[in-house]
Amino acid sequence: MHRAMSGRGAHDGAASSRRGVTGITCDVLVIGGGPAGLVAARETARANPSLEVVLLERDRAIGAPVRCGEGVGSKGLEEFISASGAGADFISRRITRVIFWAPDGTEVRVAEGDVGYVLDRTRFERALATEAGREGAELRVGTEAVGMVRENGGWRVSTRGPAGDGTIAARIIIAADGVEAMAGRWAGIDTRVPSRDMESCAQYVVSGIDFDPDAIYLHFGESIAPGGYAWVFPKGIGIANVGLGVVALRADGRPARQYLDDYVGKMFPAGVKTSYTVGGVIVHPTIKRTVADGILICGDAAHMVNPLSGGGIVNAMKAGRLAARTAIDALSAGDTSEARLKRYHEAWMSLMGDDHVRFYRVKEALNKLDDSFFNSLARTVERIPEQRRTLGRIFAHALVKHPLLLPVIAKYFV
Ligand SMILES: Cc1cc2nc3c(=O)[nH]c(=O)nc-3n(C[C@H](O)[C@H](O)[C@H](O)COP(=O)(O)OP(=O)(O)OC[C@H]3O[C@@H](n4cnc5c(N)ncnc54)[C@H](O)[C@@H]3O)c2cc1C
């Protein structure tokens, strides 16, 4: 098992040894090696090579296990990494259309063009990690942050890793530790999620099935995925991530996996399930406070997922980049106080966070509608010629059908 994969990274305190992990100090400590943390580490090291940047990842490999449908929009992805050329082996499939299935099975094809990609997240995160390492960040895999205390204007983080227990002192922390979000809590930040905004997801990789390999499918219905939706995201011809998310409060005590087994049994009875995963998606707007003295929180840890779609990969990377920039500025100004770091929160809210508040309100309004609304909407939209069918037009029809949505849209989209 490797401990320090690469990079310039940390330096040892006078009374400690590098091997024993104890007494290490660095400028920026990133907790969590998902998209948010990897981009934060890469951008920090790239922007200021004199900074010592260390990233801790609890799992024994960056990018595994995969707990994700792996779908991303092309524009968002390409802000961070090129999706073409020899290095882009992390693209499983290019997606050119979106197909919605209404609860009664009515099919609505929407976008045609450059929709996005289904990633191979293990390779994707490995590619980001390689770039972070090349820029000089030190990646410590299999090393978990287990607690932290304020010390000398920064933080001292306790760690547990292959070489045993240790500590790392850092001038500033970027917490990117995903849905569990312990680092934020240790810093006194409220990262709790209301149970109505936590989706439990389950997913199989299913092979030997028949579907359009250039499309992603989103399937709605109270009996299919209460409070969420089911997805089919192609990994290749005849093979797809087939998953769904449910809000436990609306799921009649049945776990996501039961809904998924029913779904796969009905939709793909001949499919072969080759892997299984579960995970939580926080469909809640950004937490009210994403910074405290010496710490910035980004990605799922700060609830930065799009609450309508549940997509969080690109958001996490955007937040990681913003956190990196803010951390660098704060360190060069010699001021890592909450008062200074607040500019990260403000920048995030105007970049994405305010939109998420709007999407959340739309989600709440949609939650009040039942299957018959979506069935009749799908039948109306079906009548729009396919080349004129845009998400905007679908929304317009939704408004006509259900005035309940009107105040939400008028207030937030007009
Ligand atoms: C089933 C499912 C399907 C999804 N599908 C999609 C999709 O299709 N498209 C999309 O955009 N989003 C999807 N998401 C959401 C997406 O996976 C997340 O939004 C995204 O991974 C967030 O990135 P992150 O870096 O914030 O967190 P994560 O990717 O969760 O990374 C956090 C990392 O921190 C590590 N960590 C945690 N605690 C510690 C600690 N104490 N010390 C050290 N390391 C720690 C974890 O091991 C993990 O590697 C899905 C989520 C689920 C569960």
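Both counts, for ligands and for their atoms, begin at 1 and track the order of listing.
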Undergrad: Short N/O distance, under 3.5 Å, between Ala145 and ligand 1?
TA: yes
Undergrad: Counting both backbone and side chain atoms, is some N or O of Cys201 under 3.5 Å from an N or O of ligand 1?
TA: no
Undergrad: Any N/O of Pro35 closer than 3.5 Å to an N/O of ligand 1?
TA: yes
Undergrad: Is there a polar contact between ligand 1 and Gln203, counting only N or O atoms under 3.5 Å apart?
TA: no
Undergrad: Judging by distance only, is a nitrogen or oxygen of Trp186 under 3.5 angstrom from one on ligand 1?
TA: no
Undergrad: Check Arg109 with Asp212, please: is the shortest side-chain N to carboxylate O separation under 4.0 Å?
TA: yes
Undergrad: Quick one: which ligand 1 atoms are inside 4.0 Å of a heavy atom on Gly69?
TA: 3 (C), 4 (C), 5 (N), 6 (C), 8 (O)
Undergrad: Got an N/O contact under 3.5 Å between Phe233 and ligand 1?
TA: no
Undergrad: Considering both backbone and side-chain atoms of Ile31, is one of its nitrogen or oxygen atoms within less than 3.5 Å of a nitrogen or oxygen in ligand 1?
TA: no
Undergrad: What closest approach, in Å, do Phe233 and Gly69 show between heavy atoms, and which atom pair accounts for it?
TA: CD1-O, 3.2 Å
Undergrad: Looking at Leu119, is its backbone amide N or carbonyl O close enough to the side chain of Lys235 to form a donor-acceptor pair, meaning the two atoms are under 3.5 Å apart?
TA: yes
Undergrad: Under a 3.5 Å distance rule, please check whether Tyr259 uses its side chain to pair with a backbone N or O of Ala251 as donor and acceptor.
TA: yes
Undergrad: So is Arg58 polar-close to ligand 1, meaning N/O to N/O under 3.5 Å?
TA: yes
Undergrad: Got more than 12 heavy atoms from elsewhere within 6.0 Å of CZ, Arg289?
TA: yes
Undergrad: Which of these passes side chain to side chain contact (heavy atoms under 4.5 Å, CB included) with Asp300: Asn315, Val179, Val281, Thr191?
TA: Val179
Undergrad: Taking distance alone, with no angle check, do Thr143 and ligand 1 share an N/O pair under 3.5 Å?
TA: no
